[in-house]
Amino acid sequence: MLKLFLGVLFQNNLAICCKLGALKSKALLPEMQKIILLLFFSLFLLGRTSAQTFGSFTFNKLPQDFQLYPRESTNFADITVEGVAKSAEFTAVSIRVLRNSANNKYQKVALTFSGSSAKFSTKFQIPAELAEYDFEVYGFKGKDSSLVVKRKNIVAGDVFYVTGQSNAWIGPIDDLVYQGEWVRSFGAVQGNENFGPYSLADTLWSLPVGRARIGPWAAEMARLLYESEKIPISIINSAAGGSNIDWLSILDGNISSPDGGNIMYYKALKSGTLNHVKGIIYRQGESEAAASIGTKYTWGVKFESLKQKYKKFFPSSQFLFVSQNNVYEYPYPEAAYVREDQRKQAYDPYVKVYATVGIKGFDRLHYSNDGYRQAAYEQFRIISKEIYKRNWPTEINSPKIQRAYFLSEKDRDKLFIDFEEGQNIVIPNDTMVVDLKNKTHKLSLADQFFWDEINTKSMSKNIKKIEVINGKKIAITFTLQYEGNIVSYIPSFHSNFVVGLTEYPYPGPYLKNKLGMRALGFSGFPIQMVDGESDVFTIGPNPATKQFTLRWPRLIQGSIKIYDMNGFVFYTDTIDVERERVVDVTNWPNANYFISYISREGRTSTKRLVIIN
């Protein structure tokens, strides 16, 4: 742990040190003193809890009760017992390891004193499995031995970090919230909604109970993961109720009085899991969606910066899992931008995003425990697929818009929206909801589409029909020619909400796939035009080896035919609203060919292709 911290500390200050080295000694001294003071203070913080004394023995490495050791790629975790004996009466130290209370391993180490002390060190490996290990340390005086210390319920497994605001950790602890032996927590819930500064003394491993609770959402994810992977799981939760992105962005490696993102970093260091965390699970954005009208929108830029910090301070995290905001009642028009920037994160392979709209038990901000369990199951499936490579279908993901287009200028009364391959879109029924005054409100899917970029100006009155085309595509038919060039989906906020009158959680309905995953909301998505006046395409590379790519300057719809020099059709395929197509020619004979593109309107364009394999 000490080596790890020093590495991070020097890494963070390397640039400063190099710059200081070029300065004159008088200028160097004050800054160097600050760095030295920071170094020694940090060493003091880490060292003050690392040594544990039991009688004549002081341990600098010793498992905690309930500790989870992160497994290596071998499926084993290394556990070291190391310390100093300070009484020459002792001749040896032994460690007995028990698996599920039965003898498992044993080591005995002779003590060689140098002056008044003798160092000892032993190492064990335990597999990641649904089994608990105990460690008993004995001191020997000749043939007689006595128990020095015992550590219980130790496991090996995988670790995830959770961060965000209240939806990431609150909720009642009912009988279905898992708090059992195969899920571990580290640290303690702080007062004041779990904000900092974090108490440096709260560094114990525990089951996820009491002040070590992780909330119904995280607990259910952990349960599903351990049952699926058959290994213990640790969720280290550093979320704080009502936290905004500014607070979470306090992440610079300062652990002298950890606050904001430094709390998660401090826990990572003290738990010994920093270099093994599998993923970071981020659920935040409600605070920015509830901003006062007129507040400058900055969440998207700040999240990009925070994401880079996560990559820097938690380099072993394979993915960042992000929840897209629900629809809230706070009349902040730019709330749609939060959802849009969360959607755009899906373009980054490091980030996996899913939609929270349509989750059961929504109470306008939080959820019932059934809702948290639903959200946990949906998040679990994504983690299972991405981290553990389990064979889940594409539809465990929220459908993501790929393109929006009209077939031509004269067909602006019918808008097509494509989602990714593997999605099978379902058009939901209308939603009926009753408010506090017992008044019934009816909403349809048409109410979820807008013609402005902040999702406030509804298309609903001009939508005649919404239908599914070929599974992954929907078509919206308008009552008139739509002259706009953007489309938005899901309202920025619940505009019909009035305190004391029309109080009810926004009910949707929402586009979803056959597994029930709701589509990600989007804002100001550009509408393109298929075909156009030009059918010119390019071929690259040409001559081609193994494969070549056809590219058009805009979306096209039609077909391609490739002829050999004798005029026979060698290859044919359909182009359905695409700008490029890759063709594999690995097994094609070396020869000259002609490629013809035939547009939907019947126009033809032809070019020559050379294959050299």
Could you tell me whether a side-chain N or O of Arg518 sits under 3.5 Å from a main-chain N or O of Gly516, the two making a donor and an acceptor? yes
Using only heavy-atom distances, determine whether the side chains of Asp418 and Gln402 contain a donor-acceptor pair under 3.5 Å. no
Can you name the nearest heavy-atom pair linking Asp447 to Ser460, along with the distance? OD1-OG, 2.9 Å
Can you check side-chain contact (heavy atoms from CB on, under 4.5 Å) on Tyr161 and Ile281, steps first, answer last? CA-CA 6 Å; Tyr161 301 156; Ile281 305 167; over 6 Å; no
Between CD1 on residue Ile359 and CG on residue Asp370, distance to nearest 0.5 Å: 12.0 Å
Ser523 side chain to Glu340 main-chain N or O, any donor-acceptor pair under 3.5 Å? no
Is there a side-chain contact between Pro526 and Asn485 in this structure, where contact means two heavy atoms from C-beta onward sitting under 4.5 Å apart? no
Report yes if the side chains of Lys307 and Asp348 come closer than 4.5 Å at any heavy-atom pair, otherwise no. yes
Under the 6.0 Å and 45° cation-pi test, does Lys311 pair with Tyr350? yes
Between Thr163 and Ser238, the two heavy atoms sitting closest are OG1-O, 4.3 Å
Would you find a donor on one side and an acceptor on the other, under 3.5 Å apart, between the side chain of Gln423 and the backbone of Asn513? no
So which heavy atom on Met517 is nearest to which on Pro399, and how close? O-CD, 3.4 Å
Any donor-acceptor N/O pair, Ser316 side chain to Val277 backbone, under 3.5 Å: yes
Polar side chain donor-acceptor pair, Asp576 to Thr574, under 3.5 angstrom: no
Stepwise ring pair (Phe, Tyr, Trp, His ring centres under 6.0 Å) test for Phe522 and Tyr489: CA-CA 5 Å; Phe522 51 85; Tyr489 169 69; 5.6 Å; yes
When you measure from the side chain of Asn244 to the backbone of Glu288, do you find a donor-acceptor pair of N or O atoms at a distance under 3.5 Å? no
Is the closest side-chain heavy-atom distance between Gln318 and Glu386 below 4.5 Å? no
Going from CZ on Arg71 to CD1 on Ile231, what distance comes out if it is rounded to the nearest 0.5 angstrom? 3.5 Å
Side chain to side chain donor-acceptor pair (under 3.5 Å) between Gln284 and Trp299, intermediate numbers included: CA-CA 10 Å; Gln284 192 274 334; Trp299 187 92; 3.0 Å; yes
Which of Lys278, Arg223, Arg390 passes salt bridge (charged side-chain N to carboxylate O under 4.0 Å, His left out) with Glu229? Answer is Arg390
Which word best sums up how the rings of Phe570 and Tyr593 line up, parallel for under 30°, tilted for 30 to 60°, or perpendicular for over 60°? tilted
Return yes if some donor-acceptor pair links the side-chain N/O of Asn75 with the main-chain N/O of Pro127 below 3.5 Å, else return no. no
Rounded at 0.5 Å granularity, tell me how far CD in Gln557 sits from CZ in Phe416. 7.5 Å
Does NZ belonging to Lys389 count more than 12 external heavy atoms closer than 6.0 Å? yes
With distance as the sole test, does Ser492 use its side chain to make a donor-acceptor pair with the main-chain N or O of Asn455 at under 3.5 Å? no
Quick one: do Phe449 and Ile417 satisfy side-chain contact (heavy atoms from CB on, under 4.5 Å)? Show the steps, please. CA-CA 12 Å; Phe449 288 93; Ile417 296 176; 4.0 Å; yes
Side chains of Glu453 and Tyr337: is there a donor and an acceptor less than 3.5 Å apart? yes
Polar side-chain atom of Lys309 near backbone of Ser249 as donor-acceptor pair, under 3.5 Å: yes
What heavy-atom pair brings Ser488 and Asp452 nearest, and what distance separates the two atoms? OG-O, 2.7 Å
Candidate pair Met221 and Phe321, rule side-chain contact (heavy atoms from CB on, under 4.5 Å), full reasoning: CA-CA 13 Å; Met221 272 191 290; Phe321 299 96; over 6 Å; no
Between Ser596 and Thr606, a side-chain donor and acceptor under 3.5 Å: yes
Between Gln165 and Ser287, is a side chain to side chain donor-acceptor pair (under 3.5 Å) present by the stated rule, with each step listed? CA-CA 8 Å; Gln165 51 189 106; Ser287 288; 3.1 Å; yes
Verify the neighbour count for atom CG of Asn429: are there more than 12 heavy atoms of other residues, nucleotides or ligands below 6.0 Å? no
Do Val338 and Gln342 come within less than 4.5 Å of each other through their side chains, counting heavy atoms only? yes
Pairs under 3.5 angstrom only: tabulate donor-acceptor contacts from the side chains of residues 462-472 to other protein residues two or more places apart or in another chain.
from	atom 1	to	atom 2	distance (Å)
Lys472	NZ	Glu421	OE2	2.7

Mind telling me whether Trp588 and Tyr571 have parallel, tilted or perpendicular rings, with 30° and 60° as the class edges? tilted
Side-chain (Asp584) to main-chain (Gln547) donor-acceptor, under 3.5 angstrom: no
Distance check, rounded to the nearest 0.5 Å: Ile425 atom CD1 versus Ile474 atom CD1? 7.5 Å
Does the pair Tyr504 and His494 meet the rule for a ring pair (Phe, Tyr, Trp, His ring centres under 6.0 Å), with working shown? CA-CA 9 Å; Tyr504 59 92; His494 186 359; 4.7 Å; yes
Under 3.5 Å: donor-acceptor pair, side chain of Glu334, backbone of Ile454: no
For the atom pair NZ (Lys607) and CG (Asn542), what is the distance rounded to the nearest 0.5 Å? 9.0 Å
Thr394 and Glu420: side-chain donor and acceptor closer than 3.5 Å? no
Any ion pair linking Arg364 and Glu329 (charged N to carboxylate O, less than 4.0 Å)? yes
Could you measure the distance from the CD1 atom of Ile562 to the CG atom of Leu550? Nearest 0.5 Å is fine. 6.5 Å
If I compare all heavy atoms of Gly508 with all of Thr431, which pair ends up nearest, and what's the gap? C-OG1, 3.9 Å
Ile612 and Thr545: which non-hydrogen atoms are nearest, and at how many Å? O-OG1, 2.6 Å
Begin from the C-alpha positions of Phe303 and Tyr282 and carry the test ring pair (Phe, Tyr, Trp, His ring centres under 6.0 Å) through to its verdict. CA-CA 11 Å; Phe303 185 82; Tyr282 183 98; 5.2 Å; yes
Is it true that Asn167 and Tyr372 share a donor-acceptor pair across their side chains at a distance under 3.5 Å? yes
Trace of the side-chain contact (heavy atoms from CB on, under 4.5 Å) decision for Tyr328 with Tyr506: CA-CA 7 Å; Tyr328 311 111; Tyr506 192 79; over 6 Å; no
Given the rule in the ring pair (Phe, Tyr, Trp, His ring centres under 6.0 Å) test, do Tyr482 and Trp451 qualify, once you have shown the distances and angles that lead to the verdict? CA-CA 9 Å; Tyr482 176 51; Trp451 54 269; 7.8 Å; no
